[in-house]
Amino acid sequence: MTAQQTVTRRQRARVYAAALAVGDPRTALENASLSVERLRLPARVATRLVHDALRYAVACHGLRDRIAARLALGYLVDGVIPRPVVIIQQARRTERRLARQQRRSVPA
């Protein structure tokens, strides 16, 4: 069994969610590191997992776009890790929908 196979999808999703839960990159790194410590993984695997979590957060625009972060967290809570492009597309759709709702609610 290789070291990479010791991390389950749910564990990986938990670490990714910890990185996405905040908007600051330093805090995201700390959260991901703390989450990995709780899993008690080997150091090499833990370091790689933290690195992957931060890359995922950046790829989803989750560290600067709170809508994308909320959408990604919704999936990650269920143990699903969607592709970043899917998160970004859904975030843009959500933004357009919210803008339309705001235009309709503002009296002319």
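Scope of the values below: all heavy atoms of this structure, side chains included, with no hydrogens, waters or symmetry mates. Start at 1 with the first residue, then count along the sequence. Only a predicted model underlies this, so the values are computations on that prediction, with no experimental measurement involved.
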If the condition is side-chain contact (heavy atoms from CB on, under 4.5 Å), which residues does Ala68 pass it with, not counting sequence neighbours?
Asp65, Ile87, Ala91

Connected via hydrophobic side-chain network under 4.5 Å: Ile67 and Val22
no

Contacts satisfying ring-ring contact (aromatic ring centres under 6.0 Å, His included) that involve residues 31-55 (not counting sequence neighbours) are none

Could you list the cluster mates of Ile88? Members are the ILVMFWY residues connected by side-chain heavy atoms closer than 4.5 Å, either directly or through other members.
none

Quick one: name the residues clustered hydrophobically with Val58, using the 4.5 Å side-chain heavy-atom rule over I, L, V, M, F, W, Y, and just say none if it's on its own.
Leu63

Using the test salt bridge (Lys or Arg N to Asp or Glu O under 4.0 Å), find all partners of Glu95 that sit at least two apart in sequence or belong to another chain.
Arg92

Is there any salt bridge (Lys or Arg N to Asp or Glu O under 4.0 Å) pair reaching into residues 29-38, and which pairs are they, with sequence neighbours excluded?
none

Value rounded to 0.5 Å, distance of CG in Leu73 from CG in Asp78:
11.0 Å

List in chain and number order the residues that pass side-chain contact (heavy atoms from CB on, under 4.5 Å) with Arg103, two or more places apart in sequence or in another chain; answer none if no residue qualifies.
Ala99, Arg100

Heavy-atom pair with the smallest gap, counting every atom of Tyr56 and Pro82:
OH-O, 2.7 Å

Could you give all pairs that pass the side-chain hydrogen bond (donor to acceptor under 3.5 Å, both in side chains) test and reach residues 79-90, with sequence neighbours left out?
Tyr75-Gln90

Output, in order, the C-alpha distance, side-chain angles, deciding distance and verdict of side chain to side chain contact (heavy atoms under 4.5 Å, CB included) for Val86 and Leu71.
CA-CA 10 Å; Val86 172; Leu71 287 168; over 6 Å; no

Correct closest heavy-atom pair for Ala32 and Ala53 would be CB-CB, 4.4 Å

Show your reasoning for whether side chain to side chain contact (heavy atoms under 4.5 Å, CB included) applies to Asp52 and Val15.
CA-CA 9 Å; Asp52 289 348; Val15 175; over 6 Å; no

Do Val80 and Val77 belong together in a cluster built from hydrophobic side chains that touch within less than 4.5 Å?
no

What pairs meet the ring-ring contact (aromatic ring centres under 6.0 Å, His included) rule with one or both residues in residues 28-49, with sequence neighbours excluded?
none

Pairs flagged by side-chain hydrogen bond (donor to acceptor under 3.5 Å, both in side chains) wherever residues 13-27 is involved - sequence neighbours left out
Arg12-Tyr16, Asp24-Thr27

Do Val7 and Leu39 sit in the same hydrophobic cluster, where Ile, Leu, Val, Met, Phe, Trp and Tyr count as joined when their side-chain heavy atoms come under 4.5 Å apart?
yes

Got a second to check how far Gln101's CD is from Arg104's CZ, nearest 0.5 Å?
7.5 Å

Would you say the side-chain atoms of Ser33 pair up with the backbone N or O of Leu29, donor to acceptor, closer than 3.5 Å?
yes

More than 12 heavy atoms of other groups within 6.0 Å of Arg97 CZ:
yes

Check Gly79 against Ala13 and note the closest heavy-atom contact, atom names and distance.
CA-CB, 3.9 Å

side-chain contact (heavy atoms from CB on, under 4.5 Å) against Gln102, all qualifying residues, sequence neighbours excluded:
none

